[in-house]
Asks: 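If you scroll down you'll find the structure; I have some questions about it.
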Amino acid sequence: MGILVTLSWLVLLPAICFAPPLPLRPSTGTGTNPVIPAASEPAVTESEPVEESDEEVRHPLAEKVLRATLPAAHTPAKHGQTDGPYLIAQRTIVEDYCGWGWVRKEDDTWRQARWIAIEPTVGVCPIPHTFLPRPEDDNNQQYRFYGDFAPYRAYEPQADMWVDVFILKGFLSLGPAEPIRRDPPAQASSRPNRFAERGANMLRP
Amino acid sequence: MRLLLAAGLLLLTSFQITASDIVLISGGPALRSFEKFRTASHDKYWGNFIDAAVSRAKELKSGLKPGDPIVWLVFRPSYLRRTEEDQQDYLKILEERGQIVGIAPIYFDNKDQLFALLRRDGSKDKPKISRLEYFGHSNKKCWMFDYSNRVDGGALEPLVLHVDDLDNISGSSFTSDAECVSYGCHSGEEFSQRWRMIVGRPMVGAVGKTDYSDGGIPKLSTGKGGSWAY
């Protein structure tokens, strides 16, 4: 091992010592030198007027064009009563699961969010996706929700769960957001079923 | 001795006079604005649970003892909302359909009202129930009078009858030989057994889904090996 290290030193040392000098930087690149005044470089500034004007035209980014044509862009930015306390809400569609999505307080994280079913206030504010062709068109859109939690809950029949109901009075659209990687509540809510173990008495079809 | 005989006769007469009620319950339809985007879309036709109850009433009428009335309980809020959506007066239509077979709807707006309507003491005003049948949305744990009508894909708490609510229905409201049937989906998988244990009367329910699409009395959905259980 020691011999190998010595040999490599013997080969590498002369290569470094007798290496040709590095090429110098071109002398035109003095724009960064504070000693030379900017006025002494007229040729550079005048030789690229076309390129500069090109930069000033702000072409729409492809991503922005795509976003503007998404159906969710057609939800109004603001609707209903949008004053007073609010919650941050994110539309999340879960296949075969009752509810609208998640809501949290402004300072909370999505881990502290609550899964809600949503009820519109008739004549004041409909559910945001009713402005769109299909309910899933605003999936992962974020809103500010104005309203109150209902004194009753909603029954989720697939998971046998009770979920909170939010009565929507107004909303403010905040645009698209990253999907929330969290499953809605799924544990059974009813009391332990001591009767189901008895099984059913089957009737002849 | 004479007094005893007279009392016995009186008791016998009163038993003959006391009638019992047959109760049919119709749950409400979903809103199309919620359901039309689903792959398994419910209630394209608003009157599934109305037509089923009316057909059943017609069937039962032929074998009724005189004085045994059919009490038809209808969950009103869902029909009002569907009326608004479709611009059709469904309450008027369902009343007309009931008239044809001689039954009139008694409306209820939440489960507490239903409990009150099912509370019987055997008096002339509140005769006991000899038969109860349910037509509406359900899963194995819950009758949902209001499915997908106020909230998308679910039902509001005061508008469902969950197995945990069955304590509010007393077995003494039923005659000793009362028969109960649920024509909702999956009732035979748990709801029936809980009903039998808590209310004390057997209830026949479906294992699997029920199908109202042919009109009239629902049948078990084909293809999934469903059956009736109690």
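Chain letters run A, B, ... following the sequence lines, proteins first and then strands; every chain starts at 1. Note that this is a predicted model, so its numbers are computed, not measured.
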Asks: Applying side-chain contact (heavy atoms from CB on, under 4.5 Å) to D160(A) and H162(B), what does each step give before you reach the verdict?
Replies: CA-CA 10 Å; D160(A) 185 39; H162(B) 195 264; 2.9 Å; yes
Asks: Roughly how far, to the nearest 0.5 Å, is OH of Y97(A) from CG of D152(B)?
Replies: 13.5 Å
Asks: Would you indicate whether E59(B), at its atom CD, is surrounded by more than 12 heavy atoms from other residues, nucleotides or ligands within a distance under 6.0 Å?
Replies: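 Yes - once you tally the heavy atoms of other residues, nucleotides and ligands closer than 6.0 Å, there are more than 12.
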Asks: Around K78(A), counting heavy atoms of other residues, nucleotides and ligands shown, do more than 12 lie under 6.0 Å from its NZ?
Replies: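 No, NZ of K78(A) has 12 or fewer neighbouring heavy atoms, counting only those of other groups under 6.0 Å.
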Asks: If I compare all heavy atoms of P157(A) with all of G154(B), which pair ends up nearest, and what's the gap?
Replies: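 Answer, listing the atom of P157(A) first, then G154(B): CD-CA, 4.1 Å.
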Asks: Taking atom CD of E178(A) as the centre, report whether more than 12 heavy atoms of other residues, nucleotides or ligands fall under 6.0 Å from it.
Replies: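 Count not over threshold, so no.
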Asks: Could you please spell out the steps behind the side-chain contact (heavy atoms from CB on, under 4.5 Å) verdict for V165(A) and R150(B)?
Replies: CA-CA 10 Å; V165(A) 177; R150(B) 290 272 292 273; over 6 Å; no
Asks: Provide the full list of side chain to side chain donor-acceptor pair (under 3.5 Å) pairs with a residue in residues 120-133 of chain A, sequence neighbours left out, each pair given once.
Replies: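 Pairs touching residues 120-133 of chain A that pass the test: none.
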Asks: Quick check: closest heavy atoms across K141(B) and Y155(A), and the distance to 0.1 Å?
Replies: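 Closest approach of K141(B) to Y155(A), heavy atoms only: CB-OH, 3.9 Å.
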Asks: Restricting to non-hydrogen atoms, name the atom on A117(A) and the atom on V151(B) that form the minimum distance, rounded to 0.1 Å.
Replies: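 Smallest interatomic distance, heavy atoms only, reads CB-CG1, 4.1 Å.
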Asks: Crowded around K105(A) NZ? As in, over 12 foreign heavy atoms under 6.0 Å?
Replies: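 No, not enclosed.
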